[in-house]
Number of protein chains: 2
Amino acid sequence: MAENREVTIYDIAKHLNISAATVSRGLNNNPAVSKNTRKRIAEAALKLGYQSNTFASSLRSKSTHTLGVLVPRLNSHFMSSVLAGMEKAANKHGYNLIIAQSLEEAQNEKLNADTMFNKRVDGLLISLSYDTRTLDHLEPFFKRNIPVVFFDRVHPHASSISVVINNYDAAYKVTSHLIEQGCRRIMHLGGNVLRNVYKDRFDGYRQALKDHDLPFQEKWHWVSALSEEDGTAAASHILDMPASKRPDAVFSANDTSAVYCMMALKAAGFHIPDDIAFAGFNNDPISKVIEPNLTTVDYSGETMGDIAVNNLINHLKGVSNLFSTNSITLRANLIIRASSLKGSRQ
Amino acid sequence: MAENREVTIYDIAKHLNISAATVSRGLNNNPAVSKNTRKRIAEAALKLGYQSNTFASSLRSKSTHTLGVLVPRLNSHFMSSVLAGMEKAANKHGYNLIIAQSLEEAQNEKLNADTMFNKRVDGLLISLSYDTRTLDHLEPFFKRNIPVVFFDRVHPHASSISVVINNYDAAYKVTSHLIEQGCRRIMHLGGNVLRNVYKDRFDGYRQALKDHDLPFQEKWHWVSALSEEDGTAAASHILDMPASKRPDAVFSANDTSAVYCMMALKAAGFHIPDDIAFAGFNNDPISKVIEPNLTTVDYSGETMGDIAVNNLINHLKGVSNLFSTNSITLRANLIIRASSLKGSRQ
DNA sequence: TTGTACGCGTTATCAA
DNA sequence: TTGATAACGCGTACAA
């Protein structure tokens with residue numbers, strides 16, 4: 001039976017009758033080591049089955065090449081696209097990702113942030129939970145100047161950067177589009193206005209109404225978690241209204257609740273978009289499957305993840321001081337589909 | 001300006017006039033330390049802003065409380081559900097996840113496996129890439145007895161465990177169901193048969209045909225990556241056939257390509273299920289949105305992730321030796337919806 | 001170009 | 001119940 005001890009640089013050193021220091025330098029391609037010994041070291045490492053011990057190295061070098069990623073939920077189309085983009089970018093630069101989810105609870109967010117700090121991630125990428133109210137739990141990072149990048153669900157902070165889309169503008173455009181289609185009574189299915197994404201979408205919606213001289217009614221702002229069930233519930237709510245009081249359009253802050261609201265209304269005999277027009281947000285795969293296809297706002301999660309990670313890593317490497325800016329705003333596009341095109345009866 | 005040095009257990013020790021060893025024990029809730037000193041240590045730690053350094057600890061204790069997760073792609077509905085289940089289970093036991101994607105390439109899989117080994121993950125959870133042919137790249141893990149759990153896309157290995165569903169059985173049931181609906185010419189949209197999930201689904205399909213005395217034709221086995229585009233292409237392929245040669249049912253190995261195939265055929269004037277019936281696999285959100293709703297196979301990614309992690313952690317903790325078994329098969333259910341119910345014209 | 005010697009922050013061993 | 005001390009594996013001044 002083979003000994004179960006790790007193969008270390010000392011084993012390589014002994015094997016080649018050189019010092020461990022030289023081995024260490026050789027493995028790190030330090031040019032101070034002669035080409036020849038570097039080659040011999042590499043060969044010996046392979047032969048002995050050496051695998052570097054990352055955290056012994058981290059302990060000395062104070063850098064882990066690991067980034068922490070903290071998100072509300074892992075299982076949404078948008079978030080998994082973001083993660084895919086992040087992983088790809090991180091991998092390209094030799095970084096790894098530790099990923100955790102807060103499950104929309106500030107308390108979990110704090111616990112996970114602490115763990116990541118204890119694992120000494122080189123940087124943190126975070127999208128805030130539904131009910132996070134302060135950034136106190138990130139103080140350890142701020143205090144030790146570990147860079148924090150906020151994305152999507154952000155919170156302003158002096159020494160951090162945010163990667164976002166212009167939610168206000170996108171919502172303004174969606175709402176204006178619905179108004180241009182002749183809609184006058186536009187309901188908004190929104191999320192918790194504590195989060196910028198939902199507050200900004202709501203604000204954009206309201207401003208568009210205002211700019212078109214349309215009144216806003218508090219009862220048309222239906223706040224929920226924007227789940228499938230919430231979409232269905234919103235439909236019931238609409239069905240419960242007297243016919244004359246019903247909205248003639250719905251702008252939902254995500255596609256899921258838009259689609260489930262549509263399906264329930266269709267089942268109740270409504271014709272979309274003629275009886276009621278629809279627009280969502282996210283360009284989720286279901287938006288291209290529902291009939292009629294859902295008008296929505298498209299923005300790339302992969303790009304958001306890529307940009308967030310690249311900025312973080314550039315900052316870490318000192319390549320650029322992009323943290324001198326406060327936020328990066330990515331492009332978001334209104335995608336007009338049949339669900340909001342009045343008179344285009346199919 | 002504060003010194004930028006870490007707060008260590010030595011600082012706490014000095015502060016309390018006790019030894020670092022005691023502090024270490026106290027922080028780890030070692031019962032050998034008196035309740036009182038444990039309390040004083042905790043207070044001092046808080047006061048001094050101490051944050052434990054995980055990898056200094058790992059270096060000594062030879063355990064990282066970190067699990068590696070290696071998947072083909074992060075951004076699919078199924079995979080993100082699995083990850084959500086894994087993260088939840090891991091977090092509950094105080095473990096963290098390092099997540100990487102192979103992007104369906106064996107080469108990336110190897111690189112990522114090496115990195116994870118170097119980061120000394122306590123265990124590895126892996127779903128194989130599209131073209132992985134051997135497990136050579138996992139040898140470092142096997143050699144050092146670091147447990148490996150395969151899930152979904154697995155490969156038999158003596159000292160590892162697999163968490164799967166019975167793909168063969170599910171596909172057999174789907175196909176039998178289509179046959180019972182009167183379908184006789186059933187096409188199969190499949191994936192690379194190098195992977196168990198696609199091979200088993202294909203085998204189950206073929207066996208069902210055989211058991212019902214239906215001939216199998218090689219041209220009805222359409223292999224692709226099962227993307228949206230592949231689904232659309234399959235539809236073109238069907239449309240290119242002479243009407244009399246066309247299949248009367250399609251069983252796709254995932255919902256995405258089933259749905260896109262359906263949409264293209266619907267656009268071409270086909271009525272589903274009367275002209276051609278459909279069944280998919282995965283119970284993806286789009287399967288409940290397409291009209292008619294798609295018959296599919298439902299199995300919980302979250303459960304698969306949960307089971308995989310729990311087994312791994314139990315094994316690590318020595319709580320159970322579940323690795324004595326070779327594989328765990330989770331429930332998968334045939335969900336019959338309108339897309340395969342002939343004669344149920346709506 | 002290479003070697004010596006030490007320290008990173010923690011835990012394990014042994015002794016008290 | 002606590003303390004002194006030696007590791008864990010690696011990187012880096014400094015010296016040679």
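From a predicted model like this one, the values you see are computed outputs, not experimental measurements. Lettering follows sequence order; numbering is per chain, from 1. Hydrogens, waters and symmetry mates are skipped; everything else that's a heavy atom, side chains included, is used.
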Return the value, rounded to whole Å, for the distance between atom [atom1] of [X] and atom [atom2] of [N].
X	N	atom1	atom2	result
A:R25	C:dA5	CZ	P	14 Å
A:I9	C:dT2	CD1	P	15 Å
A:I41	C:dT2	CD1	P	8 Å
A:R120	C:dC8	CZ	C1'	12 Å
A:N53	C:dG9	CG	P	17 Å

Side-chain N or O of [X] less than 4.0 angstrom from OP1 or OP2 on [N]?
X	N	result
A:T37	C:dT2	yes
B:S61	C:dT11	no
A:S19	C:dG3	yes

What orientation do A:H157 and A:F150 show, parallel under 30°, tilted 30 to 60°, or perpendicular over 60°? tilted
First locate atom CE of B:M304, then atom CZ of B:F151, and finally report the distance between them rounded to the nearest 0.5 Å. 8.5 Å
Between atom CD of B:Q101 and atom CG of B:L83, what is the distance when rounded to the nearest 0.5 Å? 10.0 Å
Report yes if some heavy atom in the side chain of B:L330 is under 4.5 Å from a heavy atom in the side chain of B:V164; otherwise report no. no
Check every strand shown and say whether [X] touches a base, only sugar-phosphate, or nothing at a heavy-atom separation below 4.0 Å.
X	result
A:T8	sugar-phosphate
B:Y10	base
A:S58	nothing
B:T54	nothing

On DNA chain D, reading 5' to 3', which nucleotide is the first and which the last to sit with an atom under 4.0 Å from a heavy atom of chain B, could you check? D:dT1 to D:dG9
Which atom pair, heavy atoms only, marks the closest approach of B:T66 to B:Y95? N-CD2, 4.0 Å
Could you tell me which non-hydrogen atom of B:G123 sits nearest to which non-hydrogen atom of B:I146, and how far apart they are? CA-CG2, 3.9 Å
State whether B:K110 and B:E105 are salt-bridged, where the test is any N-O pair (Lys NZ or Arg NE/NH1/NH2 against Asp/Glu carboxylate O) under 4.0 Å. no
Starting at the 5' end of DNA chain D, which residue's closest nucleotide do you reach first, B:A21 or B:A32? B:A32
Distance-only donor-acceptor test, B:R60 side-chain atoms vs C:dT11 base atoms, 3.5 Å: yes
Among C:dA5, C:dT11, C:dG9, which nucleotide sits nearest the side chain of B:A56? C:dG9
